[in-house]
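Heads up: the structure comes next, in structure tokens.
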2 protein chains.
Amino acid sequence: MKRAKKKIFADFIAQRGLKSTKQRDIILDSFLSSDRHLSIEELYLKLRAKHSNIGYATVYRTLKLFAEAGIAREMEFGDGQTRYEHVVEGEHHDHLVCTRCGSIEEFENQTIEDLQTQVAADRGFLIERHRLELYGVCGKCRS
Amino acid sequence: MKRAKKKIFADFIAQRGLKSTKQRDIILDSFLSSDRHLSIEELYLKLRAKHSNIGYATVYRTLKLFAEAGIAREMEFGDGQTRYEHVVEGEHHDHLVCTRCGSIEEFENQTIEDLQTQVAADRGFLIERHRLELYGVCGKCRS
DNA sequence: GTTAAAGTGAATTCCACTTTCAATTGGAGC
DNA sequence: GCTCCAATTGAAAGTGGAATTCACTTTAAC
Ligand SMILES: [Mn+2]
Ligand SMILES: [Mn+2]
Ligand SMILES: [Zn+2]
Ligand SMILES: [Zn+2]
């Protein structure tokens with residue numbers, strides 16, 4: 001899986017005439033072995049621990065590249081920080097965000113997805129993407 | 001309805017020991033007779049046309065007050081601008097956002113709402129609020 | 001090895017608010 | 001009215017995350 005993502009990014013780099021650099025390798029490796037829903041700043045700080053020579057701008061630009069390559073997706077959960085999550089080929093999910101501890105859970109519900117399409121279709125609206133986030137208190141924080 | 005909102009705000013102002021000012025009156029009037037989902041900048045520019053003496057900071061602060069008073073709600077649809085929509089007592093709706101013309105339609109679907117509660121409950125998660133936005137092409141832009 | 005193009009990162013700029021502060025104003029109490 | 005003072009205003013400065021600049025470095029194709 002990490003291998004597959006690396007292959008996708010390598011192909012993307014090649015196909016776009018971009019270059020393979022050690023910074024990109026390091027950032028990709030770190031991203032792939034990190035928690036989901038990481039902010040630029042978080043990944044940057046995580047990298048700084050081992051590689052003091054990687055700049056914020058490079059992390060920023062590289063994450064954008066990951067998104068363009070289709071291995072990452074930009075997200076924003078209302079805290080003013082852009083987050084990047086891992087993309088799993090052909091998989092979609094929405095989020096449950098805990099307003100107490102900040103944890104983010106994922107869920108899938110095909111019935112909801114279908115109803116969205118239905119609602120849109122009734123108005124002649126064609127959905128390209130959507131965003132469904134449930135904010136509240138997670139099980140852990142409730143007990 | 002405009003009258004009712006004005007009453008709510010007047011009461012809010014009184015109850016909080018704030019003052020009634022002509023700027024607030026003008027801004028409220030303009031907000032109530034404006035399109036839904038207006039950004040601070042948009043309302044500010046609209047006001048400038050007739051009242052060159054109203055500052056951006058005042059519009060900004062007054063909209064925050066409207067939100068606190070419960071007659072407006074803050075929204076953000078991914079364009080980096082905070083928008084304020086009119087609140088209708090006891091009513092909830094979600095949004096269809098056109099990525100071509102920027103228009104914003106509203107919809108309600110109780111089945112989706114119920115399913116959200118269901119999904120959350122299954123994980124011991126208690127929903128406080130949610131956000132459902134469908135992005136795509138509106139009927140007008142498709143034809 | 002040469003070289004042109006791409007990449008890097010510290011520093012700077014952008015931008016959408018958000019706060020500060022000196023001057024002004026609303027309105028309660030006389 | 002008139003006074004007094006807390007609330008309000010708005011120009012300007014500040015904030016923070018994102019985006020860009022620019023003077024080098026690296027890469028990778030000859
Ligand atoms: Mn996710
Ligand atoms: Mn709305
Ligand atoms: Zn929690
Ligand atoms: Zn449209």
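Convention: sequence-line order gives letters A, B, ...; per-chain numbering from 1. Since the structure is predicted, the reported quantities are computational estimates derived from the model, not experimental observations.
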Whole angstroms only, please: what is the [atom1]-[atom2] distance between [X] and [N]?
{"X": "B:L63", "N": "D:dG10", "atom1": "CG", "atom2": "P", "result": "14 Å"}
{"X": "A:F12", "N": "C:dG7", "atom1": "CZ", "atom2": "P", "result": "10 Å"}
{"X": "B:I26", "N": "D:dT8", "atom1": "CD1", "atom2": "P", "result": "16 Å"}
{"X": "A:H51", "N": "C:dG9", "atom1": "NE2", "atom2": "P", "result": "12 Å"}
{"X": "A:I54", "N": "D:dT25", "atom1": "CD1", "atom2": "P", "result": "18 Å"}
{"X": "A:E42", "N": "D:dG16", "atom1": "CD", "atom2": "P", "result": "17 Å"}
{"X": "A:D25", "N": "C:dT8", "atom1": "CG", "atom2": "C1'", "result": "14 Å"}
{"X": "A:D79", "N": "D:dG16", "atom1": "CG", "atom2": "P", "result": "15 Å"}

When the nearest nucleotide of DNA chain D is assigned to B:R48 and to B:I13 on a heavy-atom basis, which residue is associated with the more 5' position? B:I13
Toward the 5' end of DNA chain D, by each residue's nearest nucleotide, B:G17 or B:N53: B:G17
Atom NZ of residue position B:K7 - does it have more than 12 heavy atoms of other residues, nucleotides or ligands inside 6.0 Å? no
Within one Ile-Leu-Val-Met-Phe-Trp-Tyr cluster: B:I104 and B:I40, side-chain cutoff 4.5 Å: no
Between the side chains of A:H51 and A:Q23, does any donor sit under 3.5 Å from an acceptor? no
Taking protein heavy atoms under 4.0 Å as touching, what does nucleotides 17-30 of chain C look like 5' to 3' if B marks base contact, S marks sugar-phosphate-only contact and - marks none? SBBB-----BS---
Check against side-chain hydrogen bond (donor to acceptor under 3.5 Å, both in side chains), A:H37 and A:E42: CA-CA 10 Å; A:H37 318 115; A:E42 285 168 352; over 6 Å; no
Can you tell if the side chain of B:F66 reaches within under 4.5 Å of the side chain of B:F31, non-hydrogen atoms only? yes
For a side chain to side chain contact (heavy atoms under 4.5 Å, CB included) check, start with the C-alpha distance between A:H95 and A:L134, then their side-chain angles and the critical distance, and finish with the verdict. CA-CA 6 Å; A:H95 299 93; A:L134 310 179; over 6 Å; no
Heavy-atom nearest pair, B:Y44 first then B:G55, reads CE1-C, 3.7 Å
A:R24 side chain near D:dT27 phosphate (N/O to OP1/OP2, under 4.0 Å): no
